[in-house]
There are 2 protein chains.
Amino acid sequence: MRDREDYMLKGLSEEELLELADLFKMFSDSTRIKILYDLFDGEKNVTEICEDIDMNQSAVSHQLRALKTAKLVKSRREGKSIVYALDDDHVKTIIAMGKEHIEE
Amino acid sequence: MRDREDYMLKGLSEEELLELADLFKMFSDSTRIKILYDLFDGEKNVTEICEDIDMNQSAVSHQLRALKTAKLVKSRREGKSIVYALDDDHVKTIIAMGKEHIEE
DNA sequence: TGAACATATGATAATATATTCATATGAAAA
DNA sequence: TTTTCATATGAATATATTATCATATGTTCA
């Protein structure tokens with residue numbers, strides 16, 4: 001392996017490539033992609049998401065945290081609930097491109 | 001869990017959602033995304049790819065097979081070599097969207 | 001034909017990831 | 001201020017994924 005520092009593939013550093021992979025990792029799990037897709041039509045609290053995608057609360061919470069860390073969703077408290085929403089315009093585009101690919 | 005058959009999240013079936021996740025899984029590994037990105041500027045044989053991304057031949061071959069199964073790359077023989085190329089127009093768009101996200 | 005080159009493949013071991021369970025935290029309502 | 005509702009979190013287990021090693025397959029050329 002060359003030095004980590006000077007590894008570059010056409011303008012993208014090793015670090016940026018790892019970041020890219022980590023980003024797409026968020027879309028690579030069916031629970032997470034269901035959550036993202038569920039949020040396409042607006043914000044929802046955790047309970048609603050659980051019902052929509054038919055997964056238990058703990059699993060959903062864990063994945064929501066991952067999505068939030070990746071800055072793909074944001075959250076705010078509303079009374080007892082926490083409401084989640086998409087936090088990136090590219091999310092819809094990325095998923096739409098994916099849909100087009102599998103529909104071919 | 002409801003019946004697998006009738007589970008649907010806004011027009012996408014369970015099966016399509018799994019397909020989507022599997023597609024994005026291809027972008028979620030740094031070796032694979034390096035390969036895809038390396039093929040942005042045209043076809044290359046396996047040896048060239050190995051050199052560009054600085055990974056050993058076996059690992060690259062394994063990942064190329066995965067990418068081919070996912071219909072993201074195609075290959076053809078050219079003498080002793082096998083030449084790989086991108087096989088989907090959406091690949092560039094998907095990666096470009098990812099780049100935009102991480103650059104924010 | 002056999003040596004050299006290019007790629008693919010199977011098995012294994014190391015690592016990463018997701019779900020579940022139990023429980024903690026935090027807000028509201030009785 | 002205790003109970004209930006909503007969400008988060010840590011630990012443990014189960015599963016999936018990846019790189020490596022050894023070797024097989026296929027091609028060219030002497």
Side-chain angles (χ1 to χ4, degrees), chain A residues 1-2 4 7 14 17-39 43-70 72-85 87, chain B residues 1-2 4 7 14 17-36 38-39 43-70 72-85:
Chain A
M1 281 289 241
R2 296 167 216 167
R4 263 199 153 218
Y7 175 88
E14 173 81 9
L17 284 161
L18 291 175
E19 264 189 90
L20 259 186
D22 279 344
L23 170 64
F24 287 118
K25 208 165 284 176
M26 291 301 113
F27 297 86
S28 75
D29 172 79
S30 63
T31 299
R32 283 192 298 267
I33 207 165
K34 281 177 193 174
I35 292 173
L36 291 172
Y37 192 60
D38 190 37
L39 292 175
E43 48 180 32
K44 310 229 172 144
N45 65 39
V46 179
T47 302
E48 288 173 308
I49 296 171
C50 292
E51 288 165 357
D52 289 345
I53 75 171
D54 201 21
M55 292 279 297
N56 85 64
Q57 183 268 319
S58 182
V60 170
S61 253
H62 280 296
Q63 299 304 345
L64 280 169
R65 180 172 47 165
L67 291 169
K68 198 177 173 184
T69 301
L72 295 179
V73 303
K74 61 189 171 188
S75 67
R76 63 183 172 77
R77 181 171 280 281
E78 196 178 84
K80 280 186 284 191
S81 304
I82 307 247
V83 174
Y84 281 85
D87 190 27
Chain B
M1 280 288 243
R2 295 167 218 167
R4 266 201 149 215
Y7 175 87
E14 174 79 10
L17 285 161
L18 291 176
E19 264 189 89
L20 260 186
D22 279 343
L23 169 64
F24 287 117
K25 206 165 286 174
M26 291 302 112
F27 298 84
S28 76
D29 171 78
S30 62
T31 299
R32 282 190 298 266
I33 206 165
K34 282 177 192 172
I35 292 173
L36 291 173
D38 190 36
L39 292 175
E43 50 179 32
K44 309 229 173 145
N45 66 38
V46 179
T47 302
E48 288 174 307
I49 297 171
C50 291
E51 287 165 358
D52 289 346
I53 76 171
D54 201 20
M55 292 280 297
N56 83 64
Q57 182 268 319
S58 182
V60 169
S61 254
H62 279 297
Q63 298 306 344
L64 280 169
R65 180 172 46 166
L67 291 170
K68 197 177 174 184
T69 301
L72 295 179
V73 303
K74 60 189 171 189
S75 67
R76 64 183 173 78
R77 182 173 281 280
E78 196 178 82
K80 280 186 285 191
S81 305
I82 307 247
V83 174
Y84 282 85

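Please read all numbers here as calculations on a predicted model, not as lab measurements. Chain letters run A, B, ... following the sequence lines, proteins first, then strands; residues in each count from 1.
- Here D:dC5 presents its C1' atom at 13 Å from CD of A:Glu51, a figure rounded to the nearest Å.
- A straight line from CZ of A:Arg65 to P of C:dT19 spans 13 Å, rounded to a whole angstrom.
- Listed pair A:Thr31 / C:dA18 fails the phosphate criterion, with no side-chain N or O lying under 4.0 Å from OP1 or OP2.
- The side-chain heavy atoms of A:Asp52 and A:Lys44, taken from C-beta on, include a pair separated by under 4.5 Å.
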Next item on the list: Evaluate the criterion side-chain contact (heavy atoms from CB on, under 4.5 Å) for residue pair B:Arg65 and B:Ser61; output intermediate values, then yes/no.
Entry: CA-CA 6 Å; B:Arg65 180 172 46 166; B:Ser61 254; over 6 Å; no
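- The interatomic distance linking B:Asn45 (CG) with C:dC5 (P) rounds to 15 Å, in whole Å.
- Distance CG (B:Leu64) to P (C:dT9): 11 Å, rounded to an integer number of Å.
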| said: Could you walk me through whether B:Met55 and B:Cys50 satisfy the side-chain contact (heavy atoms from CB on, under 4.5 Å) test, starting with their C-alpha distance in whole Å, then the side-chain angles of each, then the deciding distance to 0.1 Å, before giving a yes or no? | reply: CA-CA 5 Å; B:Met55 292 280 297; B:Cys50 291; 5.9 Å; no
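- Taking the side chain as every heavy atom from C-beta outward, A:Leu17 and B:Ser30 never approach each other to under 4.5 Å.
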Could you go step by step and tell me if A:Leu67 and A:Met26 meet the side-chain contact (heavy atoms from CB on, under 4.5 Å) rule?
-> CA-CA 7 Å; A:Leu67 291 169; A:Met26 291 301 113; 4.1 Å; yes
Contact string for nucleotides 25-30 of chain D, one letter per nucleotide 5' to 3', B = base within protein heavy-atom range under 4.0 Å, S = sugar-phosphate only, - = neither, reads -SBS--
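- The aromatic rings of B:Phe27 and A:Phe24 sit tilted, their planes meeting at an angle between 30° and 60°.
- Here B:Ser61 lies in heavy-atom contact (under 4.0 Å) with a base.
- Distance alone, capped at 3.5 Å, is enough to place a donor-acceptor pair between the B:Arg32 side chain and the B:Lys25 backbone.
- B:Lys25 places its NZ atom 12 Å from the P atom of C:dT17, with the value rounded to the nearest Å.
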Inset, instruction - Go through A:Leu23 and A:Leu72 one step at a time and tell me if the side-chain contact (heavy atoms from CB on, under 4.5 Å) criterion holds. - result: CA-CA 9 Å; A:Leu23 170 64; A:Leu72 295 179; 3.9 Å; yes
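- Taking atom NZ of residue A:Lys34 and atom C1' of nucleotide C:dT19, one finds them 13 Å apart after rounding to whole Å.
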Between protein and nucleotides 20-24 of chain C, what N or O pairs are separated by less than 3.5 Å?
from	atom 1	to	atom 2	distance (Å)
C:dT20	OP2	A:Asn56	ND2	2.4
C:dT20	O4	A:His62	NE2	3.2
C:dC21	N4	A:Ser58	OG	2.5

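- D:dA16 atom P lies 17 Å from atom CG of B:Asp29, rounded to whole Å.
- Taking atom CG of A:Leu18 as the reference point, atom P of D:dT18 lies 14 Å away to the nearest angstrom.
- Here A:Arg32 does not reach the OP1 or OP2 of C:dT17: none of its side-chain N or O atoms lies under 4.0 Å away.
- Two residues are said to be in side-chain contact when any heavy atoms from C-beta on lie closer than 4.5 Å; A:Ile49 and A:Asn45 fail this criterion.
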